[in-house]
Undergrad: 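Once you've had a glance at the structure underneath, I'll fire off some questions.
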Amino acid sequence: MIDCTVLVLGAGGLGCEILKNLAMLQVRNIHVVDLDTIELTNLNRQFLFTEYDIGKPKAEVAAKYINNWNEVRQMENKGYPEVIVTPYVRDLTLFPVEFFKQYQFVISGLDAIEPRRYVNKVLVQITRETHFEVCIPFIDGGTEGLKGHIKTIIPGITACWECSLDTLPLQQHSVPMCTVANNPRVLEHVIEYVATVECPDSELDNPEEAALVLERCFTRARKFDIDHRKLNMSYMLGVIKRIVPSVSTTNTIVAAACCNEVVKIYFDMVADYDNITNFIMINGADGFFMHKFKYERKPNCLVCSGL
Amino acid sequence: MLKVHSDREFTNVMKQFGLTLVSEMDRYDRQLRLWGNDGQEKLKNAHIGILTPCYPTNLIHEVLKNVLLLGVLQITIVSMDSGEGAGTRKEDPLAFFDEKALFGIKGLNPTGDGKKRQIDWDDAKASVDWSAFSVILELDLGWKQFTAWERFKSEAKYVNFPPSLVMLTTGRFSYYHLALTEPHFVINTRLEHMLPVFRFNNPWYELRRFIDSIEPPTLSSEEFSKLPYPVIIFKVLEWCLEKPKSSKELQEKIDLYLDSMKVPKNIDLNVIEAKRFAHLATKIVDHKLQGTLDLLDQCKHYLSIDLKKRWYSDFNKQMAALLYCLEKYIKRFGDIPLSGEFPDMESGSAHYGALKSIYDDKKLHDLKAFKEIVYKLLGDRVPDTLVESFCNNLGFISCLSPTTTALDSLYECQGSDSLMANTAPIGYCYPNDAFMAGLISQEMIKIVTHQYLPINDTFKYDAFNIESGAYKL
Ligand SMILES: [Zn+2]
C-alpha cells in the first residue's frame with residue numbers, strides 16, 4: 001500500500017489512466033479535480049465512462065467507478081487496503097494555497113496551461129514558505145497524437161513548470177491577419193477570417209448558426225477561388241476548436257510513466273535529486289522514441305528563482 | 001470569436017449538420033484524425049489473437065482495454081497454461097477490470113457485435129484458424145510455451161502465420177519484438193516535415209507556359225511581392241546560363257537576378273522563401289524520386305504482379321503489385337507520378353490558386369497514366385481507392401523486410417537481465433505492465449492500419465530508469 005494522499009488534475013484521457021494506475025498501486029487517498037462533463041468524443045480513451053454517463057461531471061463518475069471497484073474488492077477479499085477517491089467538480093485555480101498542503105504528490109493530466117501554471121506557483125510557494133519542510137512533487141503528463149511528455153518537478157530543486165514554459169509546442173503557427181483578410185490561399189485562412197471577422201459572435205452550439213458560418217466559409221472560399229473539396233462541418237470545427245488528436249495507447253504510456261515517477265519517489269529510489277532527469281519526451285510515430293534529459297532551472301524564473 | 005463550449009455541443013453540431021452523422025464517427029473522432037476512416041475500418045475488421053500463459057493477467061487486461069477502445073471487435077485468447085485446470089483462472093481480486101467492464105454493451109466497445117473467444121492451447125491446436133488473425137500478440141510466454149508454439153508453427157507448414165508481436169515483461173527490463181513472415185508495407189508513414197516537390201528539373205508544358213506568362217520586368221514591386229516562390233526560382237533558373245550547383249550559388253543568383261530587376265533585396269517574404277527552399281532546385285534527383293528508387297531497390301525481390309501468389313495479407317500483396325507497376329511507370333516516364341499536397345506559401349491568392357491548380361491537374365494526369373499501367377498489368381483486381389492513395393502517398397510509403405532471426409536470443413537476454421536488481425517493490429509494477437501494454441497495442445495499430453512506422457524490430461525498456469532503446473535482433 002502507498003499510504004499517502006495524491007491529487008490528480010483532470011479526469012480526461014490521461015486522468016482516467018492515472019486514476020486506474022494509482023488504484024492498482026493501492027494509493028490510499030486519491031483526490032481528483034475536473035470541471036468538465038463527459039462527451040461522446042471522449043469515449044475512445046476515457047474508459048471509466050460509458051455512453052450512459054454523457055453529460056455527467058467527469059470527476060464524479062470517475063470517482064464512483066473506482067470507489068465501486070474498491071467496494072467489490074473489499075467484499076470479496078477482506079483486509080485489502082482501501083482506496084478512496086474524492087472528486088471535486090470545481091475550478092482548480094479557486095482552491096487556496098492551504099488546500100494543496102494535504103497532498104504528498106500532485107499529478108497533472110491537463111492540457112490547459114493556466115491551471116498548471118497556478119498549481120506550479122502554489123507548490124513552489126509552499127516549499128518557499130515552509131523552508132522545504134513541505135515539498136510536494138508535481139508530475140506533469142501531456143499527449144498530442146502519438147507524442148507525449150512527462151515532466152517531474154520537485155519544487156525548489158528541479159526546474160519548475162514555469163522554467164520550461166517555452167518548451168510547449170506552439171499552439172498554432174500564426175498566419176498574419178493581412179494574409180487572412182486580403183490574401184487567403186488555403187481553407188484555414190478562410191475559416192479563420194469568417195470566425196474572427198465575419199461572425200465573431202456566432203454560437204456554434206446553435207446548429208443553425210453553425211450552418212450559417214459554414215455557408216459563409218463556402219462563399220468566401222469560392223470568392224477567392226480556393227480549393228474547398230475538404231470543407232465540411234467537421235473540418236471547419238476542427239480548425240476553429242484546434243482539436244488535438246488523442247488515442248488510448250499514448251495516454252496509457254504517458255500515464256504509466258507518470259505513475260512510475262510516483263513509485264520511484266515514494267520508495268526512495270531516486271539517488272540524486274539534484275541530477276534527476278526531469279524531462280521525458282516520447283514519440284511513437286516512427287518506431288518508439290524516448291528522449292530523457294535534465295532540464296535546468298532558469299536562474300531568472302519568475303516563480304522559483306531565489307529558492 | 002466563435003465558440004463551442006464543449007465537446008458535447010460540438011458533437012451535437014456535428015450530428016445535426018455535419019457529413020458525419022453516425023455516432024461511431026464521433027466516438028472515434030479524436031483517433032480518426034490520426035489514421036482516417038480507412039485506418040479505422042481496418043481496426044474494426046481486425047481479428048486479434050492473443051497467446052498467453054494464463055488468463056486473466058494485468059498485462060492482458062491492459063491490452064484488452066486498449067484494443068477494445070480502439071474499436072476492434074474480434075479477439076481470440078489462447079491460454080497456454082500447461083498445468084492442470086488449464087485456461088481461465090478465477091477472477092483475480094486485484095484486477096482492475098472485470099469481464100463486464102471490458103465486454104458487452106456497457107463495455108469498452110459497444111459499437112458492434114464484439115466476439116471474444118477464449119480457448120485452451122490443446123483445443124486451439126486442433127480448431128483455431130490461424131490465418132484468420134490480423135496479428136498475434138504473444139504476451140509473456142514462458143520458454144516452454146514459446147518453444148511449443150514455435151514447434152507447432154514449423155510443423156504446420158501449410159499454414160501462413162500472421163505477424164507476431166512478442167512481449168516479455170517480467171522484471172526490470174521489458175522486451176518487445178516484431179516478427180514478420182512476409183514484407184510489411186506501410187501505405188503512409190505520416191512522417192512530418194516532408195519537403196514538397198516542384199519539378200524544378202523538368203517542368204511540364206502547362207507549368208512552363210504559366211511561368212512564361214509572368215514577366216517580372218513588367219511588374220511593380222508590389223506585384224512582384226505577390227509571386228509564389230517557385231515562380232521566382234523558375235525565373236532565376238531560366239535567367240542563369242548554367243544551372244547553379246549548390247543552394248548557396250542559387251541564393252547568390254537570386255540576389256543578382258533581383259538586382260537586374262531593380263527589386264530591393266531580402267525584403268519580401270516570397271524572396272526569403274525562395275532562398276530558404278533554394279536547395280529544392282539544385283538536386284539532380286529530387287528526394288521523393290530518390291526515396292522511391294531506394295524503396296524499389298529494397299524490395300526488388302518481393303515485387304510481383306502475380307496476384308495468385310500466396311501472401312498472408314492481401315494488402316501487402318497488392319502493395320507489392322503496385323510497386324511493380326510503379327517501376328514500369330518510372331521506366332517509361334523517368335519520374336514518379338506527381339503527388340502530395342501543394343503547400344501554403346507567401347503569395348497573392350490569384351497566383352497561388354493558379355499555380356496550385358497546375359500542380360493539381362498534373363497530379364490527376366499522372367494518376368490517370370499510372371492507373372492505365374495498373375489496369376494493363378493487374379486488371380481491376382486492386383481497388384481504385386488503394387491505387388489512388390498509393391499514388392498520393394508516394395514518398396510516404398515504406399517497407400519492413402521479413403524477420404530472419406530466431407527469437408531464442410530474446411529469451412536469453414531476458415534470462416540474464418531478470419537477475420538485475422533495482423525494480424520497484426513487488427506489487428508496485430502495475431505501471432510497467434500498463435506501459436508495455438500501451439506500447440504493444442500501439443504497434444498493433446501500426447501493423448493493422450499499415451500506417452506510421454512500426455518498431456523494427458526489437459525494443460528494450462528499462463522500467464527503473466525509464467530508458468529505452470530500439471535495435472535489430
Ligand atoms: Zn522555475
Side-chain angles (χ1 to χ4, degrees), chain A residues 20-21 23-25 37 39-45 47 50-51 55 69 73 76-77 145 183-186 195-196 199-200 202-205 207 210-211 213 224-227 232-234 237 240-241 243 245-249 252-253 256-257 259-260 263 267 280 284-288 290 292, chain B residues 1-14 16-20 23 26-31 33-34 65-66 69-70 93 96 106 108 110 190-191 344 347-349 352-353 356 424-425 428 430-432 434-435 437-439 441-442 445 452-453 455-456 459 463 466-468 470:
Chain A
K20 174 233 353 160
N21 291 344
M24 288 305 282
L25 287 170
T37 51
E39 291 131 15
L40 183 52
T41 55
N42 301 149
L43 299 186
N44 75 323
R45 60 199 186 283
F47 56 89
T50 70
E51 283 180 43
W69 165 82
R73 210 173 57 132
E76 287 179 355
N77 220 316
N183 274 323
R185 296 177 295 265
V186 293
T196 52
C199 352
S202 270
E203 292 282 337
L204 283 187
D205 48 314
V213 175
F224 285 90
D225 207 9
I226 287 166
D227 185 353
N232 59 35
M233 184 61 85
S234 158
L237 294 179
I240 297 173
K241 280 198 67 177
I243 291 171
S246 195
V247 57
S248 62
T249 51
T252 303
I253 291 167
C259 294
N260 215 355
V263 172
F267 288 104
I280 303 170
D286 179 358
F288 192 85
M290 258 178 122
K292 195 179 133 181
Chain B
M1 185 67 193
L2 279 163
K3 284 203 176 61
V4 180
H5 293 302
S6 66
D7 277 6
R8 191 171 183 220
E9 289 164 3
F10 171 73
T11 301
N12 289 339
V13 176
M14 293 264 290
Q16 297 190 42
F17 278 86
L19 299 173
T20 52
S23 70
D26 293 352
R27 172 179 282 266
Y28 298 118
D29 179 80
R30 296 304 184 264
Q31 65 195 50
R33 290 170 195 272
L34 286 169
K65 178 254 296 168
N66 293 330
L69 283 171
L70 288 166
F96 187 81
K106 278 203 167 194
L108 297 179
R190 296 194 180 259
L191 290 177
D344 187 28
S347 166
S349 306
Y352 176 84
K356 180 178 185 290
Y428 299 95
Y430 193 86
N432 300 341
F435 185 100
L439 184 106
S441 312
Q442 194 152 287
I445 299 171
Y452 298 96
L453 280 164
I455 291 170
N456 187 16
F459 175 85
I466 318 199
E467 268 166 7
S468 69

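In the text below, chain A, chain B and the rest are named by the order of the sequence lines, each starting its count at 1.
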Undergrad: Checking heavy atoms, do the side chain of F435(B), its backbone, both or neither come under 4.5 Å from chain A?
TA: both
Undergrad: Hey, which of C259(A), A257(A), P184(A) has the most heavy atom pairs under 4.5 Å with chain B?
TA: P184(A)
Undergrad: Which atoms of A23(A) come close to chain B, meaning under 4.5 Å heavy atom to heavy atom: side chain ones, backbone ones, both, or neither?
TA: side chain
Undergrad: Is there a donor-acceptor contact under 3.5 Å from the side chain of R185(A) to the main chain of G348(B)?
TA: no
Undergrad: Which bit of N456(B) comes within less than 4.5 Å of chain A, counting heavy atoms only: side chain, backbone, both or neither?
TA: neither
Undergrad: If the plane angle is over 60° it's perpendicular, under 30° parallel, otherwise tilted; pick one for F96(B) and F47(A).
TA: perpendicular
Undergrad: Using heavy-atom distances under 4.5 Å, tell me whether I280(A) contacts chain B through its side chain, its backbone, both, or neither.
TA: side chain
Undergrad: In chain order, what residues pass the side-chain contact (heavy atoms from CB on, under 4.5 Å) check against E467(B), with sequence neighbours excluded?
TA: K292(A), D462(B), N465(B)
Undergrad: Between T50(A) and chain B, which part of the residue has a heavy atom less than 4.5 Å away: side chain, backbone, both or neither?
TA: side chain
Undergrad: Measuring from atom OG1 of T41(A) to atom CD of Q31(B), what distance do you get when rounded to the nearest 0.5 angstrom?
TA: 11.5 Å
Undergrad: Examine whether an atom of L439(B) lies under 4.5 Å from a heavy atom of chain A, and if so say whether it belongs to the side chain, the backbone or both; otherwise answer neither.
TA: both
Undergrad: Could you tell me which residues satisfy side-chain contact (heavy atoms from CB on, under 4.5 Å) with D225(A), sequence neighbours excluded, listed by chain and number?
TA: none
Undergrad: Looking at G284(A), G145(A), S248(A), which has the largest count of heavy-atom pairs under 4.5 Å with chain B?
TA: S248(A)
Undergrad: Does the Y428(B) side chain pair with the main chain of N260(A), one donor and one acceptor, at a distance under 3.5 Å?
TA: no
